[in-house]
Number of protein chains: 2
Amino acid sequence: MSERNTGPGALEATDRAILRELARDGRCSFTELAERVGLSVSAVHQRVRRLEQRGALQGYTAKVDGEQIGLPLTAFISLTPIDPAAPDDYPQRLQHLPEIESCYSVAGDESYILQVRVASPLGLEDLLRQIREAAKVSTRTTVVLSTPFENRPPAI
Amino acid sequence: MSERNTGPGALEATDRAILRELARDGRCSFTELAERVGLSVSAVHQRVRRLEQRGALQGYTAKVDGEQIGLPLTAFISLTPIDPAAPDDYPQRLQHLPEIESCYSVAGDESYILQVRVASPLGLEDLLRQIREAAKVSTRTTVVLSTPFENRPPAI
DNA sequence: TCTGAAAGTCACGAAGG
DNA sequence: CCTTCGTGACTTTCAGA
């Protein structure tokens, strides 16, 4: 009974509706979810479990204000390998640094872009030194001044 | 060593513990939260409500697999104003585009960095046209090839 | 894959120290 | 700011269509 109109492995309308609601409110109750998508609570429950198993739902997180936890400074750091022939294991070399929130492998001038959160300019300086040492890369840093919006739920 | 968050408006250890757990598991029950931080369920409940009111907790979201919802292509787009004297209202001009997940005002060569998610290269091309038209900016795009890790919970 | 019901667990507010 | 307590709501499982 699977629909193949939208491509292999595609999700049908009800599953997308569930993902949309959970992306908007990650703590939405099953009861409320059921009302919104027009199914029984049990059916929604089964679908959510299936979406989790399938990897369509990759977890739930609270958005925390960086300023209030003492990490007011966000920056993007572009990495360029010093030795172009070195093995490409940068993510593994960097994942132990908790200040690095995200790591993207990219096409373009640089090889990776990191998104980081630190307490201060001094903390950023220290982090940059650790990154260069751990990964043998040169870095280019872009400091975030403000964040008009962030991690908005995608249009599902 | 000096504590990170000792200034006015700082959060104490229990509140930080709550934020840490909710950042790790946004659907964590109050009961489990209470066990982890060593308080009664009601006390945790009160603290969470206070953290929400205070803005330290800015919401809860499910992480959704971009590929499975038909948005497999992520990119960063740097914006440079065409007219340097134009009013700086770019976020307002761009927020109606749902493909734009995040918008950062930055120091450096560019004025803004956008993080976007689209269905295909054609979708990216179309989005770039809309961004240029809406904001009167020139753009520089960096396509994400893979994401070793993303939105890891900060070290609270 | 759905529904409805049963049983256990949890959320949430009240009252009080 | 904490605790305990009570009630209503919610989660979770299961049998059956």
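Computed from heavy atoms alone, side chains included, the values below leave out hydrogens, waters and symmetry copies. By convention in this document, chain letters (A, B, ...) are assigned in the order of the sequence lines, proteins followed by strands, and residues within each chain are numbered from 1.
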Rounded to whole Å, how long is the line connecting atom [atom1] of [X] with atom [atom2] of [N]?
| X | N | atom1 | atom2 | answer |
| --- | --- | --- | --- | --- |
| A/Asp25 | D/dC10 | CG | C1' | 15 Å |
| A/Glu32 | C/dA11 | CD | P | 15 Å |
| A/Gln53 | C/dT1 | CD | P | 12 Å |
| B/Tyr60 | C/dA11 | OH | C1' | 13 Å |
| A/Glu35 | D/dC10 | CD | P | 8 Å |
| A/Leu33 | D/dC10 | CG | P | 12 Å |
| B/Gln46 | C/dA15 | CD | P | 14 Å |
| B/Glu52 | C/dA11 | CD | P | 13 Å |

Sugar-phosphate, base or nothing in reach of A/Ser29, heavy atoms under 4.0 Å: sugar-phosphate
Sugar-phosphate only, base, or nothing, as touched by B/Thr31 at under 4.0 Å among non-hydrogen atoms: sugar-phosphate
Phosphate OP1/OP2 of D/dT11: any A/His45 side-chain N/O under 4.0 Å: no
side-chain N/O A/Arg47 vs C/dC2 OP1/OP2, d < 4.0 Å: yes
Co-membership, hydrophobic cluster, residues B/Tyr60 and B/Ile18, 4.5 Å side-chain: yes
hydrophobic_cluster_shared for A/Leu22 and B/Leu71, side chain cutoff 4.5 Å: yes
Among D/dC2, C/dA11, D/dC14, the nucleotide that comes nearest once only the side chain of B/Phe30 is considered: C/dA11
Cation-pi geometry met for A/Arg27 and B/Phe30 (6.0 Å, 45°): yes
Test: B/Asp109 and A/Arg140 ion pair at under 4.0 Å: yes
B/Glu110 and B/Leu79, any side-chain heavy atoms less than 4.5 Å apart: no
A/Ser42 vs A/Arg50, nearer the 5' end of DNA chain C by closest nucleotide: A/Arg50
Of A/Leu39 and B/Arg49, the one whose closest DNA chain C nucleotide lies more 5': A/Leu39
